[in-house]
Asks: 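Got a structure for you, questions after.
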Amino acid sequence: MGYDDYGWAAGLGIGMFILGAVVYLGVLALTIWVGYLIMRTAVKNGILKADEERARRGYAATSAPPMSAQAPGSQTPPAPATYPPSPRNYPPQD
């Protein structure tokens, strides 16, 4: 029986694991980046299409809609309804 040295195989296994992890993370990063580019382009094209449609209808792209005398959301809420007091809140009667 000869001397069997498998140390190089163990090192090869760890090296292949590290290489596989790096390739996996690289492919994952590339996929996320390409997805980001696709989404960015889609949003940009959607905004441009909406601006063209707005211009076709005669609305200015930078003008805001006309405001009323009081902006929505700045109004005070209505006063709460008044209810008769609860009987248990009355002082005890002797």
Side-chain angles (χ1 to χ4, degrees):
M1 287 199 18
Y3 178 73
D4 295 325
D5 183 20
Y6 296 110
W8 63 272
L12 183 64
I14 293 172
M16 291 304 288
F17 176 76
I18 291 173
L19 180 65
V22 168
V23 168
Y24 174 76
L25 292 175
V27 168
L28 185 65
L30 181 65
T31 304
I32 291 172
W33 182 59
V34 168
Y36 163 75
L37 291 177
I38 290 171
M39 289 296 174
R40 185 182 70 173
T41 303
V43 168
K44 184 177 73 172
N45 288 340
I47 290 173
L48 291 175
K49 188 174 181 181
D51 286 344
E52 289 173 2
E53 181 68 21
R54 192 178 305 126
R56 188 179 65 80
R57 291 184 181 182
Y59 296 112
T62 58
S63 70
M67 297 292 288
S68 63
Q70 191 173 19
S74 64
Q75 302 162 347
T76 58
T82 57
Y83 296 105
S86 173
R88 65 176 167 228
N89 291 338
Y90 286 108
Q93 308 238 341
D94 291 326

Asks: Could you list the cluster mates of Ile47? Members are the ILVMFWY residues connected by side-chain heavy atoms closer than 4.5 Å, either directly or through other members.
Replies: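 Same cluster as Ile47: Val43.
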Asks: Got a list of side-chain donor-acceptor pairs under 3.5 Å for residues 23-35, not counting sequence neighbours?
Replies:
| from | atom 1 | to | atom 2 | distance (Å) |
| --- | --- | --- | --- | --- |
| Thr31 | OG1 | Val27 | O | 2.8 |

Asks: Looking at residues at least two apart in the chain, or sitting in another chain, which of them share a side-chain hydrogen bond (donor to acceptor under 3.5 Å, both in side chains) with Arg40?
Replies: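 For Arg40, no residue satisfies side-chain hydrogen bond (donor to acceptor under 3.5 Å, both in side chains) once neighbours in sequence are set aside.
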Asks: If you link ILVMFWY side chains whenever their heavy atoms are less than 4.5 Å apart, which other residues fall into the same cluster as Met39? By chain and number, please.
Replies: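 Noted: Met39 shares its cluster with no other residue.
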Asks: With sequence neighbours excluded, what pairs up with Arg56 under the side chain to side chain contact (heavy atoms under 4.5 Å, CB included) test?
Replies: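 So Arg56 forms a side chain to side chain contact (heavy atoms under 4.5 Å, CB included) with Glu53.
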